[in-house]
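Structure first, commentary second.
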Amino acid sequence: AVKYIHSRKKDLPESDKKIKVLDMCTGSGCIAIAVDKLCGNAEVTAVDISYKALEVAKENNSSNYADVKFILSNLFEEVQGKYDVILSNPPYIRTGEIGTLMDEVKEHEPLLALDGDDDGLKFYRLIARELNDHLKIDGRIMFEIGYDQGKSVPEILKKYGFNDIKVMKDLAGNDRVVIAGKE
């Protein structure tokens with residue numbers, strides 16, 4: 001995300017050098033805050049349905065001297081405008097697998113932040129359905145995905161007109177990020 005945001009600065013007119021970034025399902029805000037700190041040309045907004053999560057995110061924002069704007073919203077309900085980049089690490093664990101997670105995850109992460117429904121894809125579908133209303137024509141969506149979702153998440157995005165789709169692997173060699181646009 002950081003590399004893409006930096007590369008977009010040269011494409012903008014001199015009067016508008018900010019890249020609008022939305023972090024959907026921000027949780028503690030770490031992704032939004034990192035983008036804000038590392039990309040001087042980013043105007044970052046972060047969204048979450050959990051008031052408690054946003055309180056933590058706001059504390060993290062303050063303690064890191066970041067300038068992220070926060071919105072309490074059920075996905076896009078309270079979100080206005082279009083963005084150059086939408087980032088999301090939504091809940092993607094299958095409901096039936098939550099009990100098998102490591103104790104430090106299942107005992108310390110809220111269920112709301114983990115449960116992606118029976119197939120783990122609920123939030124990808126919900127977010128993808130509204131991307132065309134909130135993503136600029138030449139924008140990018142960047143999703144964190146589960147290790148076994150490298151085929152299913154791109155298929156969801158194709159359904160909504162995305163065709164420039166890349167799946168990136170993490171350091172362990174597992175599918176971990178899907179980046180898509182409409183070029």
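Source: prediction; values computed, not measured. Below, each value reflects all heavy atoms present in this structure, side chains not excepted, and no hydrogens, waters or symmetry copies.
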Going by heavy atoms in the side chains, are [X] and [Y] under 4.5 Å from each other?
| X | Y | value |
| --- | --- | --- |
| Y83 | V21 | no |
| Y65 | I33 | no |
| V178 | L157 | yes |
| N89 | I31 | yes |
| R176 | M168 | no |
| L22 | L87 | no |
| K182 | N132 | yes |

Not counting sequence neighbours, which residues clear ring-ring contact (aromatic ring centres under 6.0 Å, His included) with F76? List them please.
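For F76 the ring-ring contact (aromatic ring centres under 6.0 Å, His included) partners, ignoring immediate neighbours, are H134.
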(Q) Going by ring-ring contact (aromatic ring centres under 6.0 Å, His included), name the residues that satisfy it together with F143, two or more places apart in sequence or in a different chain. (A)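 Expected list: Y124.
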Calculate, to the nearest 0.5 Å, the distance between atoms [atom1] and [atom2] belonging to [X] and [Y] respectively.
| X | Y | atom1 | atom2 | value |
| --- | --- | --- | --- | --- |
| Y160 | L131 | OH | CG | 9.5 Å |
| D84 | I137 | CG | CD1 | 12.0 Å |
| L72 | I49 | CG | CD1 | 8.0 Å |
| E43 | K69 | CD | NZ | 8.0 Å |
| R129 | L75 | CZ | CG | 8.5 Å |
| I86 | T45 | CD1 | OG1 | 10.5 Å |

With clusters defined by side-chain heavy atoms of hydrophobic residues (ILVMFWY) lying less than 4.5 Å apart, directly or transitively, does [Y] cluster with [X]?
| X | Y | answer |
| --- | --- | --- |
| I165 | V153 | yes |
| L126 | I145 | yes |
| I71 | V56 | no |
| I127 | V167 | yes |

Check your understanding: Taking NZ, NE, NH1 and NH2 as the nitrogens, is one of them in D175 or K169 under 4.0 Å from a carboxylate oxygen of the other?
Key ->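 Looking at K169 together with D175, the answer is yes, because their closest N to O distance falls below 4.0 Å.
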**Study point:** Lys/Arg N to Asp/Glu carboxylate O, K52 vs E55, below 4.0 Å
**Key:**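 E55 and K52: not salt-bridged.
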Residues at least two apart in sequence or cross-chain that pass side chain to side chain contact (heavy atoms under 4.5 Å, CB included) with K151, listed by chain then number, are none
Considering all heavy atoms, the nearest [X]-[Y] contact:
| X | Y | result |
| --- | --- | --- |
| A46 | V68 | CB-CG1, 3.8 Å |
| P90 | F123 | CB-CB, 3.7 Å |
| T26 | A32 | OG1-CB, 4.0 Å |
| I179 | R140 | CG2-CD, 4.1 Å |
| Q149 | L121 | NE2-CD2, 3.7 Å |
| V47 | S73 | CG1-CB, 3.7 Å |

Checking [X] side chain against [Y] main chain: does a donor-acceptor pair fall under 3.5 Å?
| X | Y | value |
| --- | --- | --- |
| D170 | G173 | yes |
| S88 | M24 | yes |
| K166 | V177 | no |
| D48 | S50 | yes |

- Where do V44 and D67 land on the side-chain contact (heavy atoms from CB on, under 4.5 Å) test, with the steps shown first? CA-CA 8 Å; V44 184; D67 190 27; over 6 Å; no
What I want to check is whether the side chains of S63 and N60 have a donor and an acceptor closer together than 3.5 Å.
no
